[in-house]
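Dumping the structure here so I can ask a few things about it.
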Number of protein chains: 2
Amino acid sequence: MMSARPTMKDVAALAGVGLKTVSRVVNGEGSVSPDTTERVNAAIAKLGFRRNEGARLLRQGRTASIGLVLEDVADPFSSALTRAVEDIARQHDSLVFAGSSAEDGVRERELTLAFCARRVDGLIIVPAGATHRYLVPEITAGTPAVFVDRPPVDIDADTVLVDNEGGARMAVDHLIAHGHRRIGFLGDAPTIFTATARLAGYRASLEAAGLPYDESLTSLAPPTAEAIRHAVERVLGGPDPATALFCGNNRVTVEVLRVLAGRPNQPALVGFDDFELADVLRPGITVVAQDPAEMGRTAAEMLFARLSGDRQGRAKTVRLPTRLIPRGSGEMPIATGIGT
Amino acid sequence: MMSARPTMKDVAALAGVGLKTVSRVVNGEGSVSPDTTERVNAAIAKLGFRRNEGARLLRQGRTASIGLVLEDVADPFSSALTRAVEDIARQHDSLVFAGSSAEDGVRERELTLAFCARRVDGLIIVPAGATHRYLVPEITAGTPAVFVDRPPVDIDADTVLVDNEGGARMAVDHLIAHGHRRIGFLGDAPTIFTATARLAGYRASLEAAGLPYDESLTSLAPPTAEAIRHAVERVLGGPDPATALFCGNNRVTVEVLRVLAGRPNQPALVGFDDFELADVLRPGITVVAQDPAEMGRTAAEMLFARLSGDRQGRAKTVRLPTRLIPRGSGEMPIATGIGT
DNA sequence: TACCCTTCAGACAACGTTGTCATCGCCGGT
DNA sequence: ACCGGCGATGACAACGTTGTCTGAAGGGTA
């Protein structure tokens with residue numbers, strides 16, 4: 001019963017016209033008599049013909065699709081970004097291939113090159129790898145790439161970043177303004193661009209306030225549950241403990257909250273990157289919010305701008321602002337240590 | 001500077017061999033002398049040639065890609081499902097087109113047909129529309145579809161569901177077991193399959209316990225923030241108010257928590273579908289969890305099974321279990337109404 | 001020497017479309 | 001009655017690859 005898919009040839013045969021005439025009707029090119037048009041349309045309807053876009057686009061040398069390489073499709077940052085990219089792509093009649101690099105440079109590369117092999121019209125990449133030289137031939141061959149959240153390494157390409165350093169600085173300034181002098185920083189591996197930038201913001205804020213940078217109050221390890229637990233205990237448990245924490249990203253913040261839930265004497269806390277329910281927790285969690293959707297939109301718009309002609313101009317970098325959202329946890333005064 | 005992409009023809013010319021020989025080398029078909037192979041490989045490297053998969057797959061009549069139609073790529077349910085689908089697809093050397101229907105039947109249809117026009121090998125759909133008859137020609141033509149979370153309408157196709165009714169029943173049974181007799185149900189529009197099934201479970205549980213079904217304790221409207229606020233006030237504010245709430249889905253649960261945050265006398269609460277931070281809230285939120293990743297895996301595996309031959313068998317429906325996760329909110333006794 | 005078989009290689013058509021060009025008939029203008 | 005032009009149509013090549021077939025060269029066997 002599984003009939004093969006009808007092609008234009010089949011339609012042409014049934015309608016008793018030439019192949020090209022069918023093509024003309026399908027594309028509404030005009031210069032086909034109403035009579036013929038109707039016969040062709042009848043044949044199309046009868047056979048349930050649908051044009052094969054793949055073949056069409058092969059002929060035209062495009063694919064009307066773009067490749068989106070994320071760290072993990074499933075995390076909220078990535079998925080908000082994906083949705084925004086999708087919406088812009090739709091406006092340009094383009095479909096989106098989405099894939100996860102799992103924060104693994106090799107996988108990022110494989111995925112990206114798989115997209116290129118499909119001849120996607122362009123790429124949007126949240127990079128994980130340590131180099132992007134492998135993209136040079138692709139970009140040279142005419143597949144533009146836009147990097148998001150982190151800059152590319154070893155090559156020059158359009159990039160959308162947020163003001164990580166400024167955001168971190170704003171977060172720590174905020175804690176300092178509320179009287180804190182011992183502020184912990186729970187970050188991520190320094191190989192991650194954003195982690196380093198946020199650390200820099202943290203240090204800049206401390207320095208501007210004349211406060212010392214104390215390594216014993218920081219953690220720069222990948223945020224596994226285990227590592228976070230230890231870090232929190234270390235930072236809050238020492239002889240001169242932190243009274244406030246700045247969490248370098250979403251995952252860290254959530255893990256920290258999990259750890260803190262089992263403790264008395266909550267420190268003040270500001271997280272980098274907003275998350276659902278931050279306002280429902282008691283106290284509400286103060287965050288420096290970035291806007292993943294805006295990042296996605298911006299990147300997609302830059303990409304489509306490249307695709308419609310602007311292929312020569314120098315690589316641009318856009319740096320989006322962050323926004324401090326006070327909700328309570330960042331405005332708590334220094335806890336008067338009961339029993340310490 | 002933007003050189004066009006080299007093709008096999010270019011490689012062949014440079015290596016001084018025939019086109020087909022290049023094809024053979026690229027595909028590792030053997031029966032090419034080591035000498036020739038080397039020359040071809042040198043030419044490939046020199047030109048930075050990469051095979052055009054689109055053209056290859058056109059020839060082979062496949063696309064090694066599948067289409068995934070979601071309600072909204074950005075929501076946690078969809079994105080967890082996407083990730084699982086992606087992982088299975090990768091095992092089959094397939095890429096994933098992802099798109100959002102925005103809970104709009106027309107958009108779902110457009111998106112799905114756009115995928116079909118690209119000749120995706122198969123479809124995975126979280127349906128939103130009121131009919132899927134439009135898919136009949138596609139399925140007949142050999143593009144299998146698997147439906148997830150909700151069954152298709154008007155057609156017969158593979159489907160992955162969760163035991164919505166059983167899950168809802170488990171939730172309400174749980175509240176009843178903790179002494180509640182007045183239990184509110186905050187659901188969603190009855191046009192949504194899962195909403196209706198969960199309502200049925202709610203009613204079945206009440207009935208089994210000999211409790212009356214009281215419409216004034218339920219809300220079956222789309223869960224906008226406004227609607228939820230009113231519903232909560234109505235259900236908890238009447239003369240004989242609910243002492244416990246069962247929330248029909250994730251979005252409802254979160255909105256309800258937002259509303260409840262501003263009230264004294266928290267009711268007991270169980271939500272359908274788990275969410276990040278449910279364990280960090282105080283009290284922890286008891287939920288009936290479904291497993292979106294498992295749903296995605298299952299659907300993708302069914303799809304690839306169809307794609308590797310099993311195209312005739314009758315449509316199968318898999319119903320995955322749900323799991324009650326007690327965290328506190330569902331185990332609270334009836335609040336002794338202070339000041340009521 | 002004649003034969004066959006194997007190994008390597010290329011010519012050609014095909015996948016399903018679109019761009020280019022040629023053809024045909026018909027109209028109006030002279 | 002002739003010609004230019006236009007509307008309608010189809011033949012053909014092309015996009016970049018792969019499947020099929022055919023052929024040439026080389027080596028072994030009788």
Side-chain angles (χ1 to χ4, degrees), chain A residues 3-41 43-44 47-65 114 116-121 141-143, chain B residues 3-41 43-44 47-65 114 116-121 141-143:
Chain A
S3 53
R5 273 186 194 275
T7 70
M8 281 194 179
K9 206 159 97 181
D10 303 322
V11 174
L14 179 58
V17 301
L19 179 53
K20 180 67 215 210
T21 300
V22 177
S23 172
R24 275 194 267 260
V25 171
V26 169
N27 292 310
E29 279 181 32
S31 92
V32 177
S33 75
D35 176 42
T36 310
T37 302
E38 191 176 348
R39 246 178 327 135
V40 170
N41 279 327
I44 287 177
L47 294 176
F49 167 79
R50 200 176 315 277
R51 176 175 60 189
N52 182 332
E53 290 295 316
R56 168 171 172 247
L57 294 164
L58 168 63
R59 183 63 232 264
Q60 308 204 136
R62 318 173 309 130
T63 57
S65 57
C116 289
R118 291 306 219 294
R119 296 294 188 268
V120 292
D121 296 335
T143 306
Chain B
S3 53
R5 274 187 193 275
T7 70
M8 281 192 178
K9 206 159 96 182
D10 302 322
V11 174
L14 180 58
V17 300
L19 179 54
K20 180 67 214 210
T21 300
V22 177
S23 173
R24 276 194 267 260
V25 171
V26 169
N27 292 310
E29 279 180 34
S31 91
V32 178
S33 75
D35 177 40
T36 310
T37 302
E38 192 175 348
R39 248 182 321 138
V40 170
N41 279 327
I44 287 176
L47 295 177
F49 167 79
R50 200 175 317 275
R51 176 174 61 187
N52 182 332
E53 291 295 317
R56 169 172 172 246
L57 294 164
L58 168 64
R59 183 66 231 262
Q60 307 204 137
R62 316 172 311 130
T63 57
S65 57
C116 289
R118 291 305 219 294
R119 296 293 188 270
V120 292
D121 296 334
T143 306

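Note that these values count all heavy atoms, side chains included, but never hydrogens, waters or copies made by symmetry.
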Is any side-chain N or O of A/Arg56 closer than 4.0 Å to OP1 or OP2 of C/dT18?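 Yes, such a contact exists.
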
Distance from B/Thr63 atom OG1 to A/Asn52 atom CG, nearest 0.5 Å?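 Separation between the atoms: 9.5 Å.
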
State whether B/Thr7 places a side-chain N or O below 4.0 Å from either non-bridging phosphate oxygen (OP1 or OP2) of D/dC15.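 No, B/Thr7 has no side-chain N/O under 4.0 Å of OP1/OP2 on D/dC15.
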
May I ask you to verify if any side-chain N or O of B/Arg51 is less than 4.0 angstrom from the OP1 or OP2 atom of D/dT18?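 Checking D/dT18 against B/Arg51, a side-chain N or O does come within under 4.0 Å of OP1 or OP2.
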
Interatomic distance, A/Cys116 atom SG to B/Glu53 atom CD [nearest 0.5 angstrom]: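 These two atoms lie 11.5 Å from each other.
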
Roughly how many Å is it from CG in A/Asn27 to P in C/dT17, rounded to a whole number?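 About 10 Å, once rounded to whole Å.
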
Within this structure, what is the CZ-to-C1' distance between A/Arg5 and C/dA14, rounded to whole angstrom?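 In whole Å, C/dA14 C1' lies 19 Å from A/Arg5 CZ.
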
Distance in angstrom units between A/Leu58 CG and C/dG16 P, rounded: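 Going from A/Leu58 (CG) to C/dG16 (P), I get 12 Å.
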
Run through DNA chain D and report every stem of 3 or more consecutive Watson-Crick or G-U pairs, distances under 3.5 Å, ordered by first number.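 In DNA chain D, stems of three or more pairs: C:1-30 with D:1-30.
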
Shortest non-hydrogen separation from B/Asp121 to B/Ala64 and the atoms involved: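 Taking every non-hydrogen atom into account, OD2-N, 2.8 Å.
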
Rounded to whole angstroms, how far apart are NZ on B/Lys9 and P on C/dG10?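 Nearest whole value for this atom pair: 16 Å.
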
Without decimals, in angstroms, what is the distance between B/Arg59 CZ and C/dG16 C1'?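 Whole-Å distance recorded here is 12 Å.
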
Could you report the tightest heavy-atom contact between A/Phe49 and A/Val26, atom names first, then the distance?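 Smallest heavy-atom distance, with atoms named: CE2-CG2, 4.0 Å.
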
Residue that, paired with B/Val22, satisfies side chain to side chain contact (heavy atoms under 4.5 Å, CB included) out of B/Leu14, B/Val17, B/Thr36: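 Of all the options given, the one that passes is B/Val17.
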
Within the side chain of A/Arg5, is there an N or O that forms a donor-acceptor pair under 3.5 Å with the backbone of A/Arg50?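 Pair absent, no side-chain N/O of A/Arg5 close to backbone of A/Arg50.
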
It should be established whether A/Ser33 places a side-chain nitrogen or oxygen under 4.0 Å from OP1 or OP2 of nucleotide D/dG7.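 No.
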
What's the CZ-P distance between A/Arg50 and C/dT17, to the nearest Å?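 Rounded to whole Å, this separation is 12 Å.
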
Does B/Arg39 use its side chain to pair, donor to acceptor, with the backbone of B/Ala15 at less than 3.5 Å?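 It does hold such a pair.
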
Rounded distance (Å) that lies between atom P of C/dG16 and atom CZ of B/Arg62: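 The answer, rounded to whole Å, is 15 Å.
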
DNA chain D: 5'-proximal contact among B/Glu29 and B/Ala55 (nearest heavy atom):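 The residue mapped nearer the 5' terminus is B/Ala55.
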
Taking CG from A/Asp35 and P from D/dT9, how many angstroms apart are they, rounded to a whole number?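 Value for this atom pair: 8 Å.
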
When rounded to the nearest 0.5 angstrom, what is the spacing between CE in A/Met8 and CZ in A/Arg56?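 It comes to 9.0 Å.
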
Looking at every heavy atom in both B/Thr143 and B/Val120, which two are closest together, and how far apart are they?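 Closest approach of B/Thr143 to B/Val120: CG2-O, 3.7 Å.
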
So does A/Asn52 get a side-chain nitrogen or oxygen closer than 4.0 Å to the phosphate oxygens (OP1/OP2) of C/dC15?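 A/Asn52 to C/dC15 OP1/OP2: no side-chain N or O under 4.0 Å.
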
For B/Ile44 and B/Val11, which heavy atoms make the closest approach, and how far apart are they?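 Residues B/Ile44 and B/Val11, closest heavy atoms: CG1-CG1, 3.7 Å.
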
Let me know, please, whether A/Val26 or B/Ser31 comes out on the 5' side of the other along DNA chain C by nearest nucleotide.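 Checking each residue's closest nucleotide, the 5'-ward one belongs to B/Ser31.
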
Would you jot down, in residue-number order, the residues of residues 13-24 of chain A having a non-hydrogen atom under 4.0 Å from DNA chain C?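 Correct list: A/Leu19, A/Lys20, A/Ser23.
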
Taking OP1 and OP2 of C/dA14, is either one under 4.0 Å from a side-chain nitrogen or oxygen of B/Gln60?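 For C/dA14, neither OP1 nor OP2 has a side-chain N or O of B/Gln60 closer than 4.0 Å.
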
